[in-house]
Amino acid sequence: MLSRLRGVMTRLWTPLADALLRAGVTPDAVTITGTLAVVVTALWAFPTGHLLLGGLLIAVFTLTDSIDGVMARRSGRSGPWGAFLDSTLDRFGDGAIFAGLVLWYIGAGDSRPDAVLALACLVLGSIVPYARARAEGLGMTAAVGIAERADRLFAVLAATVLVGAGAPDVVMTVVLALLTVASAVTVVQRMATVRRQVRQAAP
């Protein structure tokens, strides 16, 4: 869902991308700035209980994340480095979101179950992309699973906004639990996919 929305946003951000390029701003600078904005917002807003504000701001930053890609394509700078930088910095942003929720729920949020679930999402969220990257590094593929990054982000940000707007805390509990299960299933799916490819390649 978020990926499709990004497709629409890409067309909307093209004029801004052109303006930034004319001003001498590089795609890498936009990538780094966007990541810093997400990390700072998540680690400030969530632990201090500003779930609604933090969720909305991070959602905006996430949608504008496609600007750097548009800039790279229009300036002819698309390449492995940009893709590597973007993917690497995405891990910082994702980790900060769940870390912020962990800090909130072990502090003023006072919910150990939610803190544990957010921590599980943080850990599993780092394993999901690593499993795929490692598989591709070994010459195989692992682009499978029910919990892609865009889906996980949409779910956790939607829950954060809803709870921040007054919805019962159980909404966050349910969403974090579902994300934990979905992420764990995705890891298993990717491991099984790689295992199957190894067996098929074995003499």
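As the structure is a computational prediction, the values presented were derived from the model and not from experiment.
- Residues Trp44 and His50 are in side-chain contact: their nearest non-hydrogen atoms beyond the backbone lie under 4.5 Å apart.
- Asp94 contributes atom CG, which lies 4.0 Å from atom CZ of Arg149 (distance to the nearest 0.5 angstrom).
- Put simply, Met71 and Leu16 are part of the same group of oily side chains (I, L, V, M, F, W, Y) that touch within less than 4.5 Å, one to the next.
- For the side chain to side chain contact (heavy atoms under 4.5 Å, CB included) criterion with Val30, the lone passing option out of Leu20, Thr35, Val70 is Leu20.
- Ionic pairing of Glu136 and Arg190 is not present here: no N-O contact between side-chain nitrogen and carboxylate oxygen is shorter than 4.0 angstrom.
- Contact between Ala184 and Leu124 at its shortest, heavy atoms only, is N-CD1, 4.0 Å.
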Can you check side-chain contact (heavy atoms from CB on, under 4.5 Å) on Leu122 and Leu119, steps first, answer last? CA-CA 5 Å; Leu122 172 61; Leu119 181 60; 4.1 Å; yes
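- Here the OG1-CG distance, from Thr33 to Leu89, works out to 10.5 Å after rounding to the nearest 0.5 Å.
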Walk me through whether Ile106 and Leu103 qualify under side-chain contact (heavy atoms from CB on, under 4.5 Å). CA-CA 5 Å; Ile106 64 174; Leu103 292 174; 4.3 Å; yes
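- Rounding to the nearest 0.5 angstrom, the gap separating the CG atom in Leu53 from the OG1 atom in Thr41 is 8.0 Å.
- Leu176 and Cys121 make their closest contact through O-SG, 3.6 Å (heavy atoms, listed as atom of the first residue, atom of the second, distance).
- Of the inter-residue distances, the one linking Arg199 atom CZ with Arg195 atom CZ reads 4.0 Å to the nearest 0.5 angstrom.
- Checking side-chain atoms of Ser183 against main-chain N and O of Thr180 turns up no donor-acceptor pair under 3.5 Å.
- The two residues Ala118 and Val102 make their nearest non-hydrogen contact at CB-CG2, 3.6 Å.
- Side-chain contact of Asp28 with Trp81: a donor-acceptor pair under 3.5 Å is present, judged by distance alone.
- Taking both residues in full, the closest heavy atoms of Val194 and Ala142 are given as CG2-CB, 4.1 Å, listed atom of the first, atom of the second, then distance.
- Cluster annotation: Val181 and Ile127 are assigned to distinct hydrophobic clusters (Ile/Leu/Val/Met/Phe/Trp/Tyr, side-chain heavy-atom contacts under 4.5 Å, transitive).
- A continuous path of ILVMFWY side-chain contacts below 4.5 Å connects Val171 to Leu157, so both sit in one hydrophobic cluster.
- In terms of modelled atom types and a separation under 3.5 Å, the side chain of Ser126 and the main chain of Val123 share a donor-acceptor contact.
- A distance of 12.5 Å separates CG in Asp114 from CZ in Arg112, rounded to the nearest 0.5 Å.
- Inter-residue side-chain proximity for Thr160 and Trp104 is flagged as unmet; no heavy-atom pair is nearer than 4.5 Å.
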Does the side-chain contact (heavy atoms from CB on, under 4.5 Å) test come out yes or no for Leu51 and Phe46, once each step is laid out? CA-CA 5 Å; Leu51 300 184; Phe46 292 166; 3.8 Å; yes
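- Side chain of Thr186 to main chain of Ile146: a donor-acceptor pair is present (N/O by atom type, distance under 3.5 Å, no hydrogens or angles).
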Leu153 vs Ile97, side-chain contact (heavy atoms from CB on, under 4.5 Å): CA-CA, chis, key distance, verdict: CA-CA 9 Å; Leu153 276 182; Ile97 290 171; 3.5 Å; yes
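- A 4.5 Å side-chain heavy-atom check between Asp18 and Arg22 finds at least one atom pair inside the cut-off.
- Shortest non-hydrogen contact noted between Val39 and Ala96 is CA-CB, 3.8 Å.
- Interatomic distance, Leu162 CG to Asp169 CG, rounded to the nearest 0.5 Å: 12.0 Å.
- The hydrophobic clustering, which links ILVMFWY residues whose side-chain heavy atoms are closer than 4.5 Å, places Leu178 and Leu101 apart.
- Although no hydrogens or angles enter the test, the distance criterion places a donor-acceptor pair under 3.5 Å between the side chain of Arg91 and the main chain of Ser87.
- Between Gly145 and Glu148, the shortest heavy-atom contact is O-OE2, 4.2 Å.
- Side-chain N or O atoms of Arg152 include one that pairs as donor or acceptor with a backbone N or O of Ala147 at under 3.5 Å.
- A continuous path of hydrophobic side-chain contacts links Ile32 to Phe92 [ILVMFWY only; heavy atoms under 4.5 Å].
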